[in-house]
Amino acid sequence: MNKQKFYAFLQRQILLLIALSVIPGLAYIILGWMNGVAMRALIWYGLVILVSLWGWKLYKDFQLEQMGTEELKTWYQKLTFFFYIIFGLWTLAFLLYAGEVESKLHYIAIFTQIGASVVASTLLVSDKKLFFPVLLILMLPLIGYFALIGEWYGHILSLFSIVFLGVLLYSSDNSYKLIQKNYYQAQHDALTGLYNRRYSVDFIDQMISRVQFSKKFAYILLIDLDHFKTINDTLGHDIGDQVLKEVAKRIKEYCENTHMIARLGGDEFIIVSDEFNASDDCKEIAYAFSEKLLQILKEPYVIDTHQLYLSASIGVNSIGNSASEAKHFIKEADIAMYEAKAQGRDGIILFNDELAKRVEYHLEIERKLYFALEHNEIELRYQPQLNRKQKIIGCEVLIRWNSPEFGFVSPAEFIVVAEKTGLIIELGTYIIEEAFKTFQSWNEKGLELEQFSINISVRQFFHSSFSDEVERLAKKYLNENMRKKIIFEVTETILVEDMNRIILAMDKLKRLGISFSMDDFGTGYSSLSSLREMPIDELKIDRSFVSHLGEYESDELMITTILTMAKIFNLKTVAEGIETKEQFKFLLKNGCDIFQGFYFSVPLKKDDMEKKLLESTDVSDIETILHFNT
Ligand code: C2E
Ligand code: MG
Ligand code: MG
């Protein structure tokens, strides 16, 4: 059971027990007075009052937020003694009256003793260390008393008392086990046996209050396994579960028992440390701790016949300098963890002010973006795409947000935000409509293009009304011939969905004449098989490979491999981000079909693009281009 809750429950029992002792105790004084044992009764009652005062002090002493683990332990020990003693006093009362000659006193003594036993078995049911000895303290004298009568009925009553004691112990024990089980289930994760989210949030909330009081620090570690979904998808959930269990086991073995370890859900774990005196110490220790943990988690996993390799991204946050809620600290650790993912995974990031500012900026963007469409702040640009003879044969539509507050905001930044908030659906439809309008007007002006590419985000792509919307707009603005020239650029992130769903979504659009391009190819994890299965027509080699041409041999190799592979699969190739002649020449030499980049043109406004289109003719044949030296 959660120790804190358990202590709080026991604390409440103190008051009840004091009331149940002090009030019926008064009746005993009257009884004593009526039967000539007033002195004894008064002394006994005096003891009850003394012990009750001690109980009251214990009740007051209990300040959960301000008590350390050790203090709590000592408090609990004292409390145990309090319970033993106060019930012991009832046994004392029993002995006092059962020793008298008057048989009516015996009846009362017997009744109160049985009553006290029932009280003990209900109030102390949460703790076996309490109800077990207390029931013995209360019932053994009664059993002895009956046995000492010496008559046959005395033996029978003694036997009955033993049975009664047995029943009380049995039922208390059963309830105790049930409570324990319920508490366990409410606080633990069924798969790994670690604590669950609910418990960890409670725990962190208590830790926050404690460190606020003690002026100390603690850290939380949020661990998320990298690419865990791939294991689930490729090897099945059973293997996935076994991996999670093994990860939990490794974390548990590595941590000290002062750490609180929980699984928040999925492949996300959280660790909360003990308290530290200084914030810097805490951060250093947290970092070193995380590094070692990462190493342990990266050791190979042997599950069934599979040998698996995993890494994790860890976000670290320290608790102690602000009186916020657990949720707040977890969220910050989450932001740090996502930053670790964004920086290439398999890493550790400590939450810091800079990250906090960035999050704040993103929130601002989120709020302002909402009005950007309404206020006409979103504009479209068109970046030319050239063929091997340097003639413009197509373009890519790229959006720009001209915000009065932030100035120019890169789509790389706000598309993510729009995806998160769902605004991408509205934004995406707007872009498609504007782009189709432009394409239509160019067609009317006789400006011919072979292809016209529009970026589509994953969330937009899988939205239920996407294909219907595209169909509606395509029919409104484009003739059949023009529709065949539309290309939707998707990134490898669409692979988050299963292949059947991707193909289903693509097929519907293909029937309209639209084709697909795999954008930023080489940065994600599309496999050869996924390329073969998807109805893709074009590969766009990611800018990062092109920009490093001449620097890293591996990038050259990557590009030549992609180009060769594209030939095998009969796909058109586009290289983006070409900035230099050398890059262009390299790509040309290796058989790339289409070229895009600042070397030819930056993304242009509609009018400028029209002018470029009018000027554009075949520059020269390939041989000339490959041998030009200037
Ligand atoms: P992307 O689709 O890979 O677009 C290519 C990006 O490379 C564009 O950045 C383009 O301006 C930039 N670029 C082109 N040539 C060069 C070059 O020679 N050097 C350099 N350094 N950069 C070059 P941009 O416009 O900032 O767009 C970034 C990303 O934002 C796009 O990457 C795309 O993923 C997303 N995006 C842009 N417009 C849209 C849109 O309308 N819808 C959606 N869903 N995403 C969009
Ligand atoms: Mg693109
Ligand atoms: Mg790209």
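Indexing begins at 1, ligand by ligand and atom by atom, following the structure's order.
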So that I know where these two stand, are Phe600 and Phe584 an aromatic pair - ring centroids less than 6.0 Å apart? yes
[X], portion touching ligand 1 at heavy-atom distance under 4.0 Å:
X      : result
Asp520 : side chain
Arg381 : neither
Ile399 : both

Which ligand 1 atoms are under 4.0 Å away from a heavy-atom of [X]?
X      : answer
Gly577 : 15 (N), 16 (C), 17 (C), 18 (O)
Ala412 : 30 (O)
Glu489 : 2 (O)
Pro603 : 11 (O)
Glu579 : 17 (C), 18 (O), 19 (N), 20 (C), 21 (N)
Ile578 : 18 (O)
Arg400 : 11 (O), 24 (P), 25 (O)
Ser457 : 44 (N)

Please work out which of [options] has its closest non-hydrogen atom nearest to [atom].
atom                    : options                        : answer
atom 36 (N) of ligand 1 : Pro411, Ser410, Ala435         : Pro411
atom 9 (O) of ligand 1  : Arg543, Gln383, Glu434, Glu413 : Arg543
atom 46 (C) of ligand 1 : Val397, Asn455, Leu380         : Asn455

Side chain proximity check, [X] to [Y], heavy atoms < 4.5 angstrom:
X      : Y      : value
Leu571 : Glu538 : no
Phe269 : Ile251 : yes
Glu339 : Phe351 : no
Gln383 : Cys395 : no

About how large, to 10 degrees, is the angle OD1 of Asp520, then the Mg ion (ligand 3), then OE2 of Glu576? 100°
Heavy atom of protein inside 4.0 Å of atom 24 (P) of ligand 1, strictly below: yes
Is the closest protein non-hydrogen atom to atom 34 (O) of ligand 1 under 4.0 Å? no
Nearest-neighbour protein heavy atom for [atom], which is reported as residue plus atom name and distance:
atom                    : value
atom 18 (O) of ligand 1 : Phe598 N, 2.7 Å
atom 10 (C) of ligand 1 : Leu398 CD1, 3.6 Å
atom 32 (O) of ligand 1 : Asp519 OD2, 4.6 Å

Smallest separation among heavy atoms of Ile454 and Phe436, with atom names: CD1-CE1, 3.7 Å
How far apart are the closest heavy atoms of Ser515 and Asp537, and which atoms are they? CB-OD2, 2.9 Å
Below 4.0 Å from any atom of ligand 1, is there a heavy atom belonging to [X]?
X      : result
Glu396 : yes
Gln596 : no
Lys540 : no

Quick check: does Tyr599 get an N/O under 3.5 Å from an N/O on ligand 1? no
Quick check: Ile431 and ligand 1, any N/O pair under 3.5 Å apart? no
Closest to the Mg ion (ligand 2), among the N/O/S atoms of Glu396, is atom OE2
Specify which N/O/S atom of Glu489 comes nearest to the Mg ion (ligand 2), by atom name. OE1
Can [X] and [Y] be counted as having a side-chain donor-acceptor contact under 3.5 angstrom?
X      : Y      : result
Thr438 : Tyr382 : yes
Ser313 : Asp226 : yes
Thr192 : Asp189 : yes

Using a strict 4.0 Å threshold on nitrogen-to-oxygen distance, state whether Glu366 and Lys420 make a salt bridge. yes
In Å, rounded to the nearest 0.5 Å, how long is the span from [atom1] of [X] to [atom2] of [Y]?
X      : Y      : atom1 : atom2 : result
Phe545 : Ile559 : CZ    : CD1   : 8.0 Å
Asp520 : Glu576 : CG    : CD    : 5.5 Å
Lys612 : Leu386 : NZ    : CG    : 8.5 Å

Consider side-chain hydrogen bond (donor to acceptor under 3.5 Å, both in side chains). Of Gln451, Gln385, Gln596, which one does Glu396 pass it with? Gln596
I'd like to know if the Mg ion (ligand 3) has an N/O/S atom from Asp519 within less than 2.8 Å of it, counting both backbone and side-chain atoms. yes
Flag Asn455 as yes if one of its N/O/S atoms falls below 2.8 Å of the Mg ion (ligand 2), otherwise no. yes
Any cation-pi pair here, Arg250 with Tyr301, using under 6.0 Å and within 45°? yes
